[in-house]
Q: 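If you scroll down you'll find the structure; I have some questions about it.
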Amino acid sequence: MVKIKIKRFDGKKDYYESYEVPEGLTVLEALEYINNNYGANILFRASCRNGQCGSCAMTINGEPRLACETKVENNMVIEPLKGFKVIIDLIVDRESYYKKLLNIKNYLVRKEYPKDLEIIPQKYVEENKDLRGCIDCLSCLSICPSREVSEYPGPTFMRQLARFAFDRRDEDNREITAYFENIYNCTTCAKCVEVCPKEIDIVHNAIEKLRALSFSKGYLIKNHLKVRENVLKYNRSVVEENTPLLKQVNNIYEAENEKLRVAFFTGCLVDFRLQDVGKNAIKVLNAHGVSVYIPKEQVCCGSPFFRTGQRDVAEKLKKKNLEIFNKLDVDYIVTICAGCGSTLKNDYNEREFEVKDITEVLTEVGLLKYKPLKIRVTYHDPCHLKRGQGIDEQPRKIIKSIPEIEFIDIEARCCGAGGGVRSGKPDIAYLIGKRRSKMIYDTNADAVITVCPFCEYHLKDSLKKYKEENSLKKDIEVMNIVSLLSKVI
């Protein structure tokens with residue numbers, strides 16, 4: 001038997017009840033077992049029992065999951081789907097979802113319909129097949145950080161708009177609807193992809209494609225044009241403030257007892273703003289037996305432009321970088337920016353090199369015996385590292401290997417910086433950052449460690465504002481993991 005806890009609501013107050021159920025049951029079977037054997041009369045939705053209808057989605061151990069597919073575990077906590085009004089027990093009100101579907105014209109729009117059967121070539125059917133796989137479980141809506149703080153309807157609505165926008169039969173201007181439904185509020189954190197039981201890649205196959213279509217029709221965010229102007233002038237998405245890192249460093253830094261040879265992809269912020277982070281990365285890599293080559297001609301990876309629909313600029317930058325990095329004789333291209341790493345890995349399909357985040361490289365060559373550091377830290381998972389690259393254990397392993405450090409782990413949550421939201425919708429970015437700041441302050445940490453310059457910048461600003469708004473005395477430092485390691489090697 002295993003013990004599970006269930007959140008109930010009687011219409012006036014909510015409370016938790018605990019029950020013992022046989023091991024090996026699904027959550028749905030466990031709820032039925034409880035009702036049959038304990039007379040609990042817990043109310044919940046369920047239908048197909050086969051992961052196809054989506055009606056049994058619930059919050060299970062903090063994440064949205066299908067009750068018919070999830071096995072019970074000891075001390076499991078079962079709650080209603082987050083982000084919706086609870087009607088009773090585990091049943092939430094879906095009415096707002098259905099009303100919104102009607103508002104976005106959830107059907108093919110055509111001036112004239114064919115009188116006979118219409119033949120759709122198979123290639124067109126396959127192109128959008130992924131977008132048609134939704135089972136309306138609403139899991140993606142329950143965890144969307146932008147939906148929590150703004151008038152953004154959520155991922156599945158953009159998926160549905162994209163489904164029609166790229167259906168050759170549809171004649172409506174879906175990109176206009178997407179624009180006025182705040183598609184640029186999405187941080188592209190991909191949490192929706194992570195929790196989708198049908199593994200629909202809403203970010204790449206819906207959000208980014210719709211944004212590209214919107215941008216091409218002139219439906220865009222003006223601040224994104226400033227970023228575009230920067231990269232066209234400087235090959236960087238930000239304006240130069242100090243002497244760029246690429247002008248300060250040598251072409252190569254040899255390591256004693258070389259284990260690997262890598263090329264360092266700096267990224268825009270490290271090159272133009274966070275030069276010390278770049279220097280620390282070189283220092284840390286060398287200390288671990290990794291020689292570092294630094295191509296001086298490298299340009300922006302294109303991430304801000306892939307994410308905001310400016311594919312013309314993104315493709316030019318990609319072409320330039322491929323010309324540079326495909327020629328190199330190195331083991332890996334190493335990044336210290338989650339956004340750069342994710343873009344190089346996922347958007348550079350023509351690359352002939354292997355890309356690794358610096359935490360992957362360090363754990364591969366073997367960690368050192370670091371000097372003790374008495375400090376209390378937590379770790380912020382960059383979305384484009386955890387979900388974009390599948391990396392979350394390596395940074396934690398590195399941090400925990402430092403003697404005397406006190407590590408407080410927290411749930412991975414978007415900080416609000418990504419997807420062009422920080423530059424295009426700063427108010428939305430801060431509202432998301434504010435929630436992340438509270439989680440960080442609740443750990444009472446001295447510092448928060450991350451592996452993304454964009455997260456680093458945004459967390460610094462968000463923590464500062466949060467501190468001022470709540471009249472807090474403590475400052476929490478934000479640093480890249482290489483800056484932490486530079487203190488202990």
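Excluded from the calculations below are hydrogen atoms, water molecules and symmetry mates; all remaining heavy atoms, backbone and side chain alike, are included. We count residues from 1, following the sequence as given.
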Q: Tell me whether Y19 at atom OH has more than 12 heavy atoms from other residues, nucleotides or ligands lying less than 6.0 Å away.
A: yes

Q: Is the terminal nitrogen or CZ of K465 (NZ for Lys, CZ for Arg) located under 6.0 angstrom from the six-membered ring centre of Y430 and within 45° of that ring's axis?
A: yes

Q: Is it the case that the side chain of N480 and the backbone of V482 share a donor-acceptor pair, with hydrogens and angles ignored and the cut-off at 3.5 Å?
A: yes

Q: For the atom pair NZ (K467) and OG (S462), what is the distance rounded to the nearest 0.5 Å?
A: 14.5 Å

Q: From D392 CG over to T359 OG1, what is the distance, rounded to the nearest 0.5 angstrom?
A: 9.5 Å

Q: Would you please name every residue forming a side chain to side chain donor-acceptor pair (under 3.5 Å) with Q122, sequence neighbours left out?
A: E126

Q: Could you give me the CA-CA distance, side-chain angles and deciding distance for K397 and L367, then say whether side chain to side chain contact (heavy atoms under 4.5 Å, CB included) is met?
A: CA-CA 9 Å; K397 182 179 180 180; L367 303 181; 4.3 Å; yes

Q: Quick one: CD1 on I143 to CG on L138, what's the gap to the nearest 0.5 Å?
A: 11.5 Å

Q: Testing R396, R387, K386 one by one against D381 for a salt bridge (charged side-chain N to carboxylate O under 4.0 Å, His left out), which residue passes?
A: R396

Q: When rounded to the nearest 0.5 angstrom, what distance separates CG in D409 from NZ in K400?
A: 6.0 Å

Q: Using distance alone, with no hydrogens and no angle criterion, decide if Q160 and N106 have a side-chain donor and acceptor under 3.5 Å apart.
A: yes

Q: Using a distance-only test with no angle check, is there a side-chain donor-acceptor pair under 3.5 angstrom linking Y38 and E17?
A: no

Q: Working note: Y16 + V77, criterion side chain to side chain contact (heavy atoms under 4.5 Å, CB included); need CA distance, chi angles, decisive distance, verdict.
A: CA-CA 9 Å; Y16 288 90; V77 179; 4.1 Å; yes

Q: Which one of I78, I6, L66 satisfies the side-chain contact (heavy atoms from CB on, under 4.5 Å) criterion with M58?
A: I78

Q: Would you kindly say whether K425 and N185 are connected by a side-chain donor-acceptor distance under 3.5 Å?
A: yes

Q: Look at atom NZ of K374 and say whether more than 12 heavy atoms of other residues, nucleotides or ligands are closer to it than 6.0 Å.
A: no

Q: Going by atom types alone, do E364 and Y332 pair a side-chain donor with an acceptor below 3.5 Å?
A: yes

Q: Could you walk me through whether F305 and V227 satisfy the side chain to side chain contact (heavy atoms under 4.5 Å, CB included) test, starting with their C-alpha distance in whole Å, then the side-chain angles of each, then the deciding distance to 0.1 Å, before giving a yes or no?
A: CA-CA 9 Å; F305 308 99; V227 180; 3.8 Å; yes

Q: Kindly check if the number of other-residue, nucleotide or ligand heavy atoms within 6.0 Å of NZ (K198) is above 12?
A: yes

Q: For E23, does the CD atom sit with more than 12 other heavy atoms under 6.0 Å from it, leaving out its own atoms?
A: no

Q: Determine which pairs satisfy salt bridge (charged side-chain N to carboxylate O under 4.0 Å, His left out) with at least one residue from residues 47-64, sequence neighbours left out, and list them in order.
A: E32-R49, E63-K191

Q: Taking all non-hydrogen atoms of both residues into account, name the closest pair between D357 and K345 and its distance.
A: N-NZ, 4.2 Å

Q: For residues 33-42, which residue pairs qualify under salt bridge (charged side-chain N to carboxylate O under 4.0 Å, His left out), counting only residues two or more places apart or in two chains?
A: none

Q: Salt bridge check, D14 against R8: does any charged N sit closer than 4.0 Å to a carboxylate O?
A: no

Q: By salt bridge (Lys or Arg N to Asp or Glu O under 4.0 Å), which residues pair with D461, not counting sequence neighbours?
A: R422

Q: Only pairs at least two apart or in different chains count here, so list each salt bridge (charged side-chain N to carboxylate O under 4.0 Å, His left out) that has a residue in residues 69-78.
A: none

Q: For residues 148-167, which residue pairs pass the salt bridge (charged side-chain N to carboxylate O under 4.0 Å, His left out) check, not counting sequence neighbours?
A: E148-R413, E148-R435, D167-R169

Q: Do we get R168 above Y124's six-membered ring, with its NZ or CZ under 6.0 Å from the centre and within 45° of the axis?
A: yes

Q: Is the distance from the ring center of Y184 to that of H224 below 6.0 Å?
A: yes

Q: Let me see the working for L90 and F9 under side chain to side chain contact (heavy atoms under 4.5 Å, CB included), right down to the final yes or no.
A: CA-CA 8 Å; L90 300 172; F9 178 64; over 6 Å; no

Q: Looking at K123 and E127, is there a salt bridge between them, counting it only when a charged N and a carboxylate O are closer than 4.0 Å?
A: no

Q: Determine, for Y466 and K434, whether the Lys NZ or Arg CZ falls below 6.0 Å from the six-membered ring centre while staying within 45 degrees of the axis.
A: no

Q: Report yes or no: does T26 contribute a side-chain atom to a donor-acceptor pair with the main-chain N or O of T70 at less than 3.5 Å?
A: no

Q: Can you tell me how far the CG atom of L25 sits from the CG atom of L31, to the nearest 0.5 Å?
A: 10.0 Å

Q: Tell me, yes or no, whether the heavy-atom count around E199 atom CD, taken from other residues, nucleotides or ligands under 6.0 Å, exceeds 12.
A: no

Q: Cut-off 3.5 Å, side chains only: do D136 and Y97 have a donor facing an acceptor?
A: yes

Q: Would you kindly check if the NZ (Lys) or CZ (Arg) of R147 is within the cone defined by 45 degrees around the ring axis of F84 and under 6.0 Å from the six-membered ring centre?
A: yes

Q: Only one of R307, R311, K318 clears side chain to side chain donor-acceptor pair (under 3.5 Å) with D347; which?
A: R307

Q: Does the distance from a Lys or Arg side-chain N to an Asp or Glu carboxylate O, for E79 and K5, drop under 4.0 Å?
A: no

Q: To the nearest 0.5 Å, how far apart are CD in E360 and CD in Q389?
A: 6.5 Å

Q: Side chains of N173 and K217: do they bring a donor and an acceptor to under 3.5 Å?
A: no

